[in-house]
2 protein chains.
Amino acid sequence: MVVGDLTDESVDRLFHALADNTRRDILRRSVEGRLSVSRLAELYPMSFAAVQKHVAVLERAGLVTKERHGREQLVRTEPDAVHRARRALDQIEALWRGRVDRMADLLARAPEAGADEPVQGEDR
Amino acid sequence: MVVGDLTDESVDRLFHALADNTRRDILRRSVEGRLSVSRLAELYPMSFAAVQKHVAVLERAGLVTKERHGREQLVRTEPDAVHRARRALDQIEALWRGRVDRMADLLARAPEAGADEPVQGEDR
DNA sequence: ATCTCCTACAACCATTTGGTTGTATGTTAG
DNA sequence: CTAACATACAACCAAATGGTTGTAGGAGAT
């Protein structure tokens with residue numbers, strides 16, 4: 001299933017990347033785009049390589065980009081990707097809202113006909 | 001770090017639960033709250049126990065609740081939790097927009113004169 | 001009461017994750 | 001050039017994930 005131009009795999013990567021507090025913190029701190037990887041690494045109680053991996057996860061998810069600046073690699077969070085993750089959630093919320101609308105519909109119209117809803121066919 | 005009443009761990013669980021396509025699909029299909037675990041299990045190319053585990057992950061994340069109905073356990077997605085996940089993203093986006101600084105500013109300084117901007121933009 | 005269906009849960013297994021250390025390579029400073 | 005720093009990446013390890021099968025209990029149906 002595809003949401004807009006987002007494949008399932010990219011949504012997987014997106015949410016997976018967000019499911020770690022260190023990575024969310026890196027995201028927050030890299031909004032300004034002025035921190036290098038080693039600068040970030042100083043902030044956490046783990047090795048440089050570990051932070052490097054976290055940045056790589058964020059990068060693969062498209063949440064962050066790196067920009068060479070001298071011998072440093074500056075990390076910047078990509079706001080569009082955060083927005084993309086939100087849209088994936090919006091889609092689920094929209095479904096729920098659709099249900100509410102339908103219920104409102106049922107309440108508004110006279111309840112007749114006993115078809116209790118087709119189960120919504122195949123998908124995957 | 002805590003976002004509202006959300007602990008880091010609960011945000012971890014939230015995003016982790018969302019980082020799997022089968023679970024997202026269960027979420028979408030359980031909006032109506034009329035599918036039992038075994039009914040859900042029929043929809044996926046995996047064992048009943050596997051689907052049961054996926055539901056358990058969603059449940060621990062607060063994204064879903066189960067309601068006994070006879071010998072079946074009906075799964076219903078909890079829209080508030082979806083919304084909570086969105087708020088976690090909103091916080092990062094807000095940071096990007098520099099809103100947090102302004103909000104912190106508003107809280108720090110004596111509240112004199114009107115804020116030139118409503119604190120929360122659209123919510124939808 | 002018995003049979004069947006739905007659920008729960010334990011044990012097990014392969015793969016991935018999140019961390020480590022070590023090595024190699026490129027870039028800036030002296 | 002050489003030294004120091006920033007990065008990249010491989011190899012390794014423990015723990016978590018995502019799947020399996022098997023066993024057991026509770027609730028309806030016959």
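Convention: sequence-line order gives letters A, B, ...; per-chain numbering from 1.
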Does a side-chain N or O of Gln73(B) approach OP1 or OP2 of dA8(C) to a distance below 4.0 Å, or not? yes
Is the phosphate of dC5(D) approached by Ser38(A) (side-chain N or O, under 4.0 Å from OP1 or OP2)? no
Would you give a per-nucleotide map of nucleotides 11-27 of chain D, 5' to 3', where B means the base has a protein non-hydrogen atom under 4.0 Å away, S means only the sugar-phosphate does, and - means neither? B------SBBB-----S
Tell me the interatomic distance from Arg34(B), atom CZ, to dC6(C), atom P, rounded to whole angstroms. 18 Å
What is the separation between atom CG on Leu35(B) and atom C1' on dC6(C), rounded to the nearest whole Å? 14 Å
Nearest-angstrom distance from the residue atom CD of Gln52(A) to P of dG18(C): 15 Å
Verify whether one side chain among Glu78(B) and Thr65(B) offers a donor that lies under 3.5 Å from an acceptor in the other. yes
Should Asp20(A) and Arg24(A) count as an ion pair when the cut-off is N to O under 4.0 Å? no
Nearest nucleotide by nearest heavy atom, which residue falls closer to the 5' end of DNA chain C, Leu74(B) or His69(A)? Leu74(B)
Nearest-0.5 Å distance that lies between atom CG in Leu27(A) and atom CZ in Arg76(A): 13.5 Å
Can any side-chain N or O of Arg68(A) pair as donor or acceptor with the backbone N or O of Gln73(A) at less than 3.5 Å? no
Under-4.0 Å salt bridge between Asp25(A) and Arg28(A): yes
What is the separation between atom CD on Glu72(A) and atom P on dA4(D), rounded to the nearest whole Å? 18 Å
Heavy-atom donor-acceptor pair, Ser10(B) side chain to Leu6(B) backbone, under 3.5 Å: no
Glu67(A) CD to dA6(D) C1': how many Å, rounded? 16 Å
Between CZ of Arg13(A) and P of dT16(C) the distance, given in whole Å, is 14 Å
Rounded interatomic separation in angstrom, taking CG from Asp25(A) and P from dG18(C): 16 Å
